[in-house]
Every structure is written in structure tokens, then in C-alpha cells.
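Structure, as C-alpha cells:
If you read the sequence from its start, that first residue is 1, and numbering goes on from there.
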Amino acid sequence: MTIKETEPARAHSTRSPGWQARRYPSDLTDPQWQVIAGYLPRYRRGGRGRPRIWPLRQIVDAILYVDRTGCPWRYLPASFPPWQTVYGYFAAWRDDGTLARLHGELRAAVRAAAGRDAQPTAAVIDSQSVRAADTVPKATRGWDAAKKVNGRKRHIAVDATGLLLDVVITAASVQDRDAARPLLWNLRRACPRVRLAWADSGYQAHRLTAWATALRITVLPRRWVVERTFAWISKHRRTVRDYETLPASHEAMILWAMTALMTRRLARQPPQ
């Protein structure tokens, strides 16, 4: 995807890309920025296009602001780069794997800092239904009769400490045992050392057992640290409801929420 850099608006002609904007609680501190700066692409793919106008740190701060506050892209404060530019980077990093790689590298670093192997060998899976805003098309939403929720469902796999390993977004009407197949498949590709997964009784079905066995993963009936992960994610208001037209964008918002958490841990910063 080509990122279109938007020039500063005429109404803000006194603002230059190097202008020091006011700080928000979601902004990265200097130590936090140093944690993630090396994982972001320094140049455009292929070296084509206009030169970069806005510093990447301002772009990341703007994405984190949207994720934490839940505001629409068009409502970004004027102290950030133009919303079209910010969304362009958000979508490009979502689609080209930059965000997934950043999240994976930070997770490995957090695990190593905690004295664990960088790659997990066990996972916990669970799901959570969230209401969908009117921006979510009918084709990708559904009715969760058990939770009485009209929206989407996020199926996640986490490690023993609650760090996110993978996420799959479906309509809320999709049964957990059916969504477990793509979730376990993605988990196998992202974390090939995982051999054990815990899940609650909603996942215990013959088909799930067969799928897991084919992937050499043993599924046991248990659920624990996942609820803590859902609480971490829900501190970011953009994830409390699903506002995203594309399921991939909701997945990206979850990854940014966990990226913010891990960045604070690695920079030894207190939680916001």
C-alpha cells in the first residue's frame, strides 16, 4: 500500500513537522520510543514516492492516541499529523506485516526480560464478543445469542503470562470451536514450539481435538490468564467496541494496545 503524506493544512501554516506538539498520556516517552524505533521501517518500500514529511514518532503517537481514546481518525487533534497520513501508515503497517513483526519482537523481548524463553511452548485460548458500531458492515458481524451481543468476536491465544500470541476476528455468531481451527493454525505458524493449549469447555469438541492433533497441539480444559489480557486490551477505548470496517483493523488495534503495554514494560515505565 502506498502511503500518502499530507502536507500541513493552511489553517496550521505555522506548524512544521518538527514542531513540538503538546503531550498526551498516550504519547511515547523517550525510553519507550527507543524500544520500538528500530523495528519500524526507516524508508519507503522500494525507495519511491515523496520524501517523508512527518517523523515516525509523531505517527506512532497519533495511532496510540486513537487506540487509547477511541476517537475517530478524522477527530485527531491538530497537534498530530493530518489524519489521512496517520491512517495511511496504520493501514500500511497493518497490511505489510510491520505491526505483526513489531509485536512479535517486543513479546520475545518481554519474555526474555522475565527470564523465559523467547518462544512459548504453551498457550491459553478464549473469545470475547464486542458490540459493533454502525461502521461495521453487516457481512462481517453477527448475533451472539449467549452473550446477547450484535457485533464481532475476537478469539485470542496468549502465553502463560497473558501476552498475546495470535488473534482472529469473526462475526459474533461464529462458535468458539469453529473459530479455534484458524486460531490454532495461525498459532502454529507464529509460535511453532507451542505444544499445549488450555481452553474452556466451549472448545471441547471432537472436531477441535482432531484439528489440534493434526497440528501436534494438545488441548486441555482450562482457562485462566486470558481474562487479564482482555482487561489490558479493553483499557484502550477503540477496542471496547468494534468500530472498524475491516476485521483486520480491529486486530491491528488489539496489537497496538498490547504493543503499548509491552513497550512500557521494556522501558520500565509505570502503567498509564
Side-chain angles (χ1 to χ4, degrees), residues 94-95 97 99-104 106-108 111 119-130 132 136 139-147 149 151-234 239 242 244 246-259 261-262:
R94 175 199 67 199
D95 296 339
L99 175 58
R101 287 190 295 271
L102 167 64
H103 178 270
L106 295 185
R107 183 185 63 231
R111 287 179 57 86
Q119 293 298 321
T121 58
V124 189
I125 63 175
D126 200 3
S127 68
Q128 182 183 52
S129 295
V130 291
V136 175
T140 60
R141 64 196 293 164
W143 175 254
D144 183 340
K147 301 295 178 62
V149 170
R152 286 184 179 144
K153 185 181 290 186
R154 47 202 184 203
H155 310 263
I156 69 172
V158 305
D159 69 6
T161 67
L163 297 179
L164 186 69
L165 301 179
D166 207 272
V167 56
V168 170
I169 308 298
T170 69
S173 54
V174 174
Q175 295 294 318
D176 289 352
R177 62 179 177 270
D178 296 326
R181 183 178 187 180
L183 180 62
L184 290 175
W185 175 253
N186 291 350
L187 177 63
R188 185 73 175 86
R189 290 188 300 175
C191 304
R193 293 184 59 192
V194 169
R195 291 292 182 268
L196 179 64
W198 285 285
D200 66 14
S201 57
Y203 290 91
Q204 299 308 304
H206 176 71
R207 284 186 298 173
L208 174 58
T209 302
W211 295 333
T213 301
L215 295 173
R216 292 184 293 177
I217 297 176
T218 301
V219 179
L220 298 178
R222 189 179 181 186
R223 180 183 65 181
W224 38 306
V225 296
V226 155
E227 298 302 332
R228 181 175 55 181
T229 306
F230 282 134
W232 290 338
I233 293 171
S234 296
T239 68
D242 195 334
E244 316 305 330
L246 299 176
S249 291
H250 186 72
E251 176 183 338
M253 287 296 180
I254 292 173
L255 292 182
W256 276 113
M258 294 302 295
T259 294
L261 180 145
M262 294 187 294

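Proximity of Leu165 to Arg107: side-chain heavy atoms (C-beta onward) are separated by under 4.5 Å at one or more points. For the pair Val167 and His250, the minimum side-chain heavy-atom distance is 4.5 Å or more. Within the 4.5 Å cutoff, side-chain heavy atoms of Arg152 are placed close to those of Thr140. With contacts defined as side-chain heavy-atom distances shorter than 4.5 Å, the pair His103/Thr259 qualifies. For the pair Val158/Arg228, no side-chain contact is recorded, criterion being any heavy-atom separation below 4.5 Å from C-beta on. Within the 4.5 Å cutoff, the side chain of Val226 has no heavy atoms near those of the Trp198 side chain.
Between Gly142 and Ala171, the shortest heavy-atom contact is N-CB, 3.8 Å. Nearest heavy-atom pair across Ala157 and Ile125 is CB-CG2, 3.8 Å. Between Arg141 and Ala132, the shortest heavy-atom distance links the atoms NH2-O, 3.3 Å. Nearest heavy-atom pair, Ala190 versus Gln119, reported as atom, atom and distance to 0.1 Å: O-OE1, 4.1 Å. Nearest heavy atoms, Ala199 versus Val219: CB-CG1, 4.2 Å. Closest non-hydrogen pair, Leu184 versus Ala212, comes out as CD1-CB, 4.1 Å.
Applying the side chain to side chain donor-acceptor pair (under 3.5 Å) rule to Arg188 yields no partners; only residues at least two apart in sequence or on another chain are considered. With sequence neighbours left out, the side chain to side chain donor-acceptor pair (under 3.5 Å) criterion links Glu251 to no other residue.
No more than 12 heavy atoms of other residues, nucleotides or ligands lie within 6.0 Å of CZ in Arg181, so this atom counts as exposed by the packing criterion.
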(message) Using side-chain contact (heavy atoms from CB on, under 4.5 Å), reason through Met258 and Ile233 one step at a time and then give a plain yes or no.
(response) CA-CA 7 Å; Met258 294 302 295; Ile233 293 171; 4.0 Å; yes

(message) Would Thr161 and Arg111 count as a side-chain hydrogen bond (donor to acceptor under 3.5 Å, both in side chains) here? Give the steps.
(response) CA-CA 9 Å; Thr161 67; Arg111 287 179 57 86; 5.1 Å; no

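Between the side chain of Arg154 and the backbone N or O of Ile254, no donor-acceptor pair lies under 3.5 Å.
Taking CD of Gln128 as the reference point, atom CG of Asp144 lies at 11.0 Å (rounded to 0.5 Å). Interatomic distance, Ile156 CD1 to Leu183 CG, rounded to the nearest 0.5 Å: 9.0 Å. Rounded to the nearest 0.5 Å, atoms CD (Gln175) and OG (Ser127) are 9.5 Å apart. Taking CG from Leu187 and NE2 from His155, the interatomic distance works out to 14.5 Å, rounded to the nearest 0.5 Å. Summarising the geometry, atom CG belonging to Asp242 is positioned 10.0 Å from atom CE belonging to Met253; distances are rounded to the nearest 0.5 Å. Taken to the nearest 0.5 Å, the CG atom of Leu106 stands 12.0 Å off from the CG atom of Leu164.
Annotation: salt bridge (charged side-chain N to carboxylate O under 4.0 Å, His left out) contacts involving residues 163-176, sequence neighbours excluded, comprise Lys153-Asp176.
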